[in-house]
Amino acid sequence: MNRQKRIERNLMNYVGTVTHTGTKLENNNQVFYKQWFGEQEYLRNNPDHSGFYKIANDHLDRTVPWCLLKGEGNDTIVLIHHSDIVDTDVYGPLKDLAYFPEKLMEKLREGKLELTADAKKDLDSGEWLFGRGVADMKGGAAIHLSLLEEYMDEEGFKGNLVFIAVPDEENLSAGMRGAIPLLKELKGKYGLDYVLMLNVEPHDRVDPEVQTFYDGSVGKLMPVVYVRGKLTHVGHIFQGFNPINLLAEIVRRTEVNPEFLERVGNTVTPPPTWLYSKDRKEVYDVSLPMAAAGYMSILTLAKPPKDIFEAIRKISEDSFDKVIEDLNSSYAKYLELKGEEIVRLPWKTNVMLYGELYKQAVADSGDEFVKAMEEMMKGIKQEIQDQKLTTINAAYRIIEKTLEYVSDMSPMVVIALAPPYYPNVNNLMIPDKKPRIDKAMESVEELAKNTWGQECYTQNYFTGISDLSYAMFEADKENIGYIEDNMMLWKDTYYIPLETMKELSMPVINLGPWGKDYHKYMERVFMQDLYDRTPKMVDKLIRTILG
């Protein structure tokens, strides 16, 4: 069977296996991989070279399918992709056909769904394959699988390949985080030296003849800002402190704040944006809300967590100062009109990171607080598993419980971190390993230019968020502490083995096919890339690096 037929067969079988993210359907990846593993003579002859690694404490009992091709020497490339896909509800009446590309395209040609002009052009060209997951990202997975089949049939393959299919990438990356201990185990058991993690996420193109590679992946932080106010009746406004006022000031000063912009190489991050903000009142009354909270998304390229936290702390302190100043100015005018002596309000700026608040609760309430928190976390964990509680509302609840055990009852800002956390990664972070990868990529670029007249462009960061974020971690202990101390749900429902990541740190490359409209009903992949160009480039990269 030739390579194109292998890829087509693997892709159609994989796309036809429903693996919706965040549901038990993700476990269907085991069905697909039990069959695929069983079809490979090499894996039948080496039964300890494949398996299903259980993700620790996973409420959906998901596993990471993996296999190892053990060749000559220790140099090892880790091939990754995510096995989960988003659901097919957007396909409307064609949702059940989304897993069968040829049948889906027949209906699209009949006009059963409205297409954009670009999608219609691609459909009519016959050069694109439509369907859920064909681009994001079972197309790339089929390329890896098909090349593995070739390599397993070779005598004396030089180097080693570890293949992992991780679930949950579209949500909290439980699969990749859960696979890190697996990579450590395989390294120790087989004496592997990890020289590259190679992903196959699809890429966008501005110019159809320019292929994009990525040698890094953007980081992401989700800071939570919780503001506790002081309760009062609206008729006695100056006796209380409205947390909405302060949260609004913090939002205003952080939203698209250029202070957080970063440029590294040829990549620039967009500025931060708030995804949610609301008071904590659940019913209407004529009192001020007791608290208000929200969370934002911050993308990073090189800044460590500490720098982000301290910048948000400084903005929160300045916002607190400004709100107090404005309140006192208004209060002075109010007293003047009443003919009363002008005095200042009692409020003082008070901003804490959650880790600091936790330590204060332990200092103020000791074991009583620790036991209460342990008991509450059992309930929260169950509610999250039952999908009755979101991680962000769990974060608010944790902060509120902690505040109950702190003796200071004054208005306060608490800054925490909500899952997920994606470290920023780039091969510049491990300069001793970068030249080898750069040289191999040059050979891939030469192949593309000489074979198809195609130019190649290396983007320093994949900005769509990817599991490559867990391939390396170069932060110091202080920054690791910032994550561990301030991350909500840490080790209860969310955990990243940061020290193991630091130990395994390896270069990264994303080399995938051209795709369009991921997550939409017009999702599609460029077939020349899928069946010809990308497999040849991936093959060239693997063979060059492994010698």
Answer whether the closest heavy-atom distance between the side chains of [X] and [Y] falls below 4.5 Å.
X: M222; Y: I392; value: no
X: L357; Y: M412; value: yes
X: T19; Y: P167; value: no
X: N27; Y: R62; value: yes
X: M472; Y: V508; value: yes
X: Y194; Y: V78; value: yes
X: E169; Y: M176; value: no
X: K220; Y: N424; value: no

Hey, are [Y] and [X] close enough side-chain-wise for a donor-acceptor pair under 3.5 Å?
X: T349; Y: D321; result: yes
X: D364; Y: S407; result: yes
X: H519; Y: D136; result: yes
X: S410; Y: D408; result: yes
X: Y494; Y: T391; result: no
X: Y482; Y: E310; result: yes
X: E26; Y: S83; result: no
X: D326; Y: S329; result: no

query: Which is it for D467 and R177 under the salt bridge (Lys or Arg N to Asp or Glu O under 4.0 Å) test, yes or no, and what are the steps along the way?
result: CA-CA 8 Å; D467 283 331; R177 290 184 290 111; over 6 Å; no
Any Lys/Arg nitrogen of [X] or [Y] sitting under 4.0 Å from an Asp/Glu carboxylate oxygen of the other?
X: K477; Y: E499; answer: yes
X: E400; Y: R397; answer: no
X: K95; Y: D87; answer: no
X: K322; Y: D318; answer: no

message: Under the criterion salt bridge (Lys or Arg N to Asp or Glu O under 4.0 Å), I'd like the reasoning laid out for E404 against K401: C-alpha separation, chi angles, the key distance, then a yes or no.
response: CA-CA 5 Å; E404 289 177 20; K401 176 62 72 173; 3.6 Å; yes
Before we go on, tell me: are the rings of [X] and [Y] under 6.0 Å apart, centre to centre?
X: W66; Y: Y53; result: no
X: Y461; Y: Y214; result: no
X: F213; Y: F462; result: no
X: Y354; Y: Y226; result: no
X: W274; Y: Y295; result: no

Measure the spacing between [atom1] of [X] and [atom2] of [Y] and express it to the nearest 0.5 Å.
X: L299; Y: L221; atom1: CG; atom2: CG; result: 9.0 Å
X: I308; Y: E262; atom1: CD1; atom2: CD; result: 6.0 Å
X: F130; Y: K516; atom1: CZ; atom2: NZ; result: 8.5 Å
X: Q239; Y: T232; atom1: CD; atom2: OG1; result: 5.0 Å
X: S287; Y: H233; atom1: OG; atom2: NE2; result: 6.5 Å
X: F260; Y: D307; atom1: CZ; atom2: CG; result: 10.5 Å

- prompt: Should W347 and K230 be marked as a side-chain contact (heavy atoms from CB on, under 4.5 Å) after you check the CA-CA gap, both sets of side-chain angles, and the distance that decides it?
  reply: CA-CA 10 Å; W347 317 126; K230 189 73 172 179; 3.8 Å; yes
Would you say [X]'s side chain and [Y]'s backbone share a donor-acceptor pair under 3.5 angstrom?
X: T402; Y: I398; value: yes
X: R263; Y: G265; value: yes
X: T23; Y: L25; value: yes
X: R132; Y: V86; value: yes
X: N479; Y: A475; value: no

query: side chain to side chain donor-acceptor pair (under 3.5 Å) between Y457 and N266: does it pass, once the steps are laid out?
result: CA-CA 10 Å; Y457 174 72; N266 54 20; 3.1 Å; yes
More than 12 non-hydrogen atoms from neighbouring residues, nucleotides or ligands closer than 6.0 Å to [atom1] on [X], yes or no?
X: K54; atom1: NZ; answer: yes
X: E114; atom1: CD; answer: no
X: K184; atom1: NZ; answer: no
X: K303; atom1: NZ; answer: yes
X: K278; atom1: NZ; answer: yes
X: F238; atom1: CZ; answer: yes
X: K433; atom1: NZ; answer: yes
X: K281; atom1: NZ; answer: yes

Criterion side chain to side chain donor-acceptor pair (under 3.5 Å) on Y518 and D204, from CA distance to verdict: CA-CA 10 Å; Y518 326 127; D204 301 314; 3.0 Å; yes
message: I need the single residue from N426, V268, T267 that forms a side chain to side chain contact (heavy atoms under 4.5 Å, CB included) with L301. Which is it?
response: T267
task: Would you sort out whether V413 and M352 count as a side-chain contact (heavy atoms from CB on, under 4.5 Å), showing the intermediate values?
output: CA-CA 6 Å; V413 172; M352 300 181 78; over 6 Å; no
task: Could you check E249 against R252 for salt bridge (Lys or Arg N to Asp or Glu O under 4.0 Å), going step by step and ending with a plain yes or no?
output: CA-CA 5 Å; E249 183 68 17; R252 189 189 68 77; 3.2 Å; yes
task: Please determine if K138 forms a cation-pi arrangement with Y14, meaning its NZ or CZ atom is less than 6.0 Å from the six-membered ring centre and no more than 45° off the ring axis.
output: yes
query: Mind checking whether F241 and F320 have parallel, tilted or perpendicular rings, split at 30° and 60°?
result: tilted
- prompt: Given the rule in the side chain to side chain donor-acceptor pair (under 3.5 Å) test, do T273 and S297 qualify, once you have shown the distances and angles that lead to the verdict?
  reply: CA-CA 6 Å; T273 189; S297 173; over 6 Å; no
- request: Assess whether side chain to side chain donor-acceptor pair (under 3.5 Å) is satisfied between T390 and N393, documenting all intermediate values.
  value: CA-CA 5 Å; T390 64; N393 282 320; 3.2 Å; yes
